[in-house]
Participant: 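Dropping a structure here in structure tokens format, bear with me for questions.
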Amino acid sequence: MLRRRAGRRVLRRGDQGPHAGRGFAVTDALRVVLLGTAAGPYPAPGRQGCANAVVVGGRVYLVDAGYGTLGKYVAAGLSLRDLAAVFVTHLHSDHVAELFTLFLLGWGPANQGVIEPVPVYGPGPDPTDPGPPAAGTAGLIAGNLAAFGQDVAVRQRTSDRPRLAGLIRATDVLAAGETVVHEDDRVRVTARAVPHPPLHLALGYRFETEHGVVAFSGDTARSDAVGELAAGADLLVHEAMEPDFYRSIGYSPKLLDFLAASHTSPADVGRVAAAAGARRVALSHLGPADPARLDDEGWLKRVRPHYSGPVVVGHDLLDLTV
């Protein structure tokens with residue numbers, strides 16, 4: 001059951017999405033397109049902000065929407081008309097900078113834009129925030145609708161478009177243990193809290209389909225929660241940050257400790273994947289993002305001693321068939 005509070009929907013453990021209970025349909029292939037593979041937030045050459053598309057029989061489920069997402073989405077040959085749901089791992093700017101832009105620029109019947117409601121799931125406000133609570137996912141969407149109100153109003157008056165506010169169904173997820181956040185005839189998606197301090201809530205996701213299982217770590221320190229999401233998965237998309245690089249460019253011990261507490265080294269990605277029994281691993285949300293700073297072989301040699309399965313290093317628009 002979805003509960004409404006102050007104009008937003010709050011999802012609790014055991015709740016499900018709008019198409020729950022219909023059973024999976026046998027569809028075409030399962031693909032994962034790594035649209036953007038950079039750790040952020042500062043732009044780096046060679047890669048753009050974090051975003052991933054899970055494509056099940058032509059229907060698109062988006063995980064995160066960092067800077068550059070809309071351009072990469074189009075470059076991947078994906079249609080916004082096929083966007084079925086969006087899943088936000090956490091509310092850092094390099095994961096949500098183009099969340100609203102997807103709809104603002106890709107809305108309406110022209111160019112196969114969004115014309116049917118799309119659920120958007122992500123963390124809610126931080127209840128421990130000592131000041132005025134910062135917006136959660138639903139508040140982020142509401143704030144953008146207000147900020148772009150003039151543009152939205154003009155386009156609704158002058159073209160044949162549905163109301164934009166009615167197309168974005170934002171839901172704040174309150175994850176306690178493993179929570180089913182969305183289920184339809186092609187996919188079941190569960191979320192689990194992962195450690196990414198100092199944020200109160202960051203999420204990893206598991207996608208279960210007739211064709212296989214895909215898990216996303218989101219931004220996280222090494223975590224058993226990710227291992228549980230990725231148990232037996234056909235593909236684990238895991239963030240990776242190499243501390244030696246940041247040490248070499250003079251990061252302070254305090255900042256290095258912060259990175260270690262909130263991100264995962266490539267060696268630990270291998271350990272998590274091996275313990276989970278994941279059949280394949282894709283490294284993404286890479287820091288350093290610039291391939292000139294650390295090339296593919298540099299990433300792979302850090303993972304291989306700890307994981308014997310196939311590993312791919314993420315690059316923007318890498319298309320993986322599961």
Side-chain angles (χ1 to χ4, degrees), residues 1-18 36 39-41 49-52 54 61-67 69 85-103 118-145 168-183 189-207 215-221 223-226 228-229 237-239 258 261-264 284-285:
M1 179 179 182
L2 291 173
R3 300 169 178 85
R4 295 183 183 272
R5 289 185 183 174
R8 71 174 187 270
R9 301 195 298 170
V10 180
L11 193 67
R12 299 185 183 279
R13 181 174 174 79
D15 293 339
Q16 298 180 350
C50 195
N52 307 277
V54 180
Y61 303 84
L62 189 68
V63 180
D64 286 332
Y67 66 89
T69 294
V86 182
F87 302 86
V88 175
T89 61
H90 62 293
L91 296 174
H92 275 156
S93 55
D94 52 318
H95 292 255
V96 295
E98 289 203 7
L99 175 60
F100 186 71
T101 304
L102 283 171
F103 298 94
V118 176
V120 177
Y121 306 95
D126 182 354
T128 67
D129 194 333
T137 302
L140 180 66
I141 294 297
N144 274 275
L145 282 166
I168 314 172
R169 295 188 173 175
T171 297
D172 288 338
V173 176
L174 305 178
E178 195 159 323
T179 302
V180 178
V181 293
H182 180 89
E183 187 172 359
V189 184
T190 56
R192 195 175 186 96
V194 297
H196 188 47
L199 286 184
H200 169 70
L201 181 60
L203 299 168
Y205 290 100
R206 177 183 177 93
F207 288 71
F216 294 88
S217 71
D219 281 16
T220 181
S223 171
D224 290 341
V226 174
E228 291 169 9
L229 283 172
V237 181
H238 203 300
E239 72 122 84
F258 167 75
S262 56
H263 293 284
T264 307
S284 191
H285 189 273

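Here the structure is a predicted model, which means the values were calculated and not measured.
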Participant: I'd like to know whether F216 forms a side-chain contact (heavy atoms from CB on, under 4.5 Å) with L203, so could you lay out the CA-CA distance, the side-chain angles of the two residues, the decisive distance to 0.1 Å, and finally the verdict.
Facilitator: CA-CA 9 Å; F216 294 88; L203 299 168; over 6 Å; no
Participant: Decide yes or no on side-chain contact (heavy atoms from CB on, under 4.5 Å) for L99 and I141, but give the supporting numbers first.
Facilitator: CA-CA 8 Å; L99 175 60; I141 294 297; 4.1 Å; yes
Participant: Can you name the nearest heavy-atom pair linking P125 to A134, along with the distance?
Facilitator: CB-O, 3.4 Å
Participant: Please evaluate residues F87 and F207 with respect to the criterion ring-ring contact (aromatic ring centres under 6.0 Å, His included), reporting the C-alpha separation (whole Å), side-chain torsions for both, the decisive distance (0.1 Å), and the verdict.
Facilitator: CA-CA 11 Å; F87 302 86; F207 288 71; 5.3 Å; yes
Participant: With heavy-atom distances below 4.5 Å as the criterion, would you say the side chains of L91 and L199 are in contact?
Facilitator: no
Participant: Judged by atom type as modelled, is there a donor-acceptor pair below 3.5 Å linking the side chain of S223 to the main-chain atoms of P195?
Facilitator: no
Participant: Start with the C-alpha gap between V88 and V96, add the side-chain angles, then the distance that decides, and say whether side-chain contact (heavy atoms from CB on, under 4.5 Å) holds.
Facilitator: CA-CA 7 Å; V88 175; V96 295; 3.6 Å; yes
Participant: Sub-3.5 Å donor-acceptor pair from the side chain of T137 to the main-chain atoms of P123, do we have one?
Facilitator: yes
Participant: State, to 0.1 Å, how close D64 and L62 come at their nearest heavy-atom pair, and which atoms those are.
Facilitator: O-CG, 3.4 Å
Participant: How close do Y205 and V181 get, heavy atom to heavy atom, and via which atoms?
Facilitator: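 Distance-wise, the nearest heavy atoms are CE2-CG2, 4.2 Å.
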Participant: Specify the closest pair of heavy atoms between P41 and Y67, including all atoms of both residues, with the distance to one decimal.
Facilitator: O-CE2, 3.8 Å
Participant: Please find the pair of heavy atoms, one from T69 and one from A51, that lie closest to each other, and give the distance.
Facilitator: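 The answer is OG1-CB, 3.4 Å.
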Participant: As a quick check of understanding, evaluate side-chain contact (heavy atoms from CB on, under 4.5 Å) for N144 and F103, giving each step before the final call.
Facilitator: CA-CA 11 Å; N144 274 275; F103 298 94; over 6 Å; no
Participant: Establish, from distance only, whether the side-chain atoms of T190 and E178 form a donor-acceptor pair under 3.5 Å.
Facilitator: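 Yes, E178 and T190 have a side-chain donor paired with an acceptor closer than 3.5 Å.
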Participant: So which atom in H196 and which in T220 form the shortest heavy-atom distance, rounded to 0.1 Å?
Facilitator: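 Looking at all heavy atoms of both residues, the closest pair is ND1-N, 4.2 Å.
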Participant: ring-ring contact (aromatic ring centres under 6.0 Å, His included) with H285: which of H90, H238, H92, H95?
Facilitator: H95
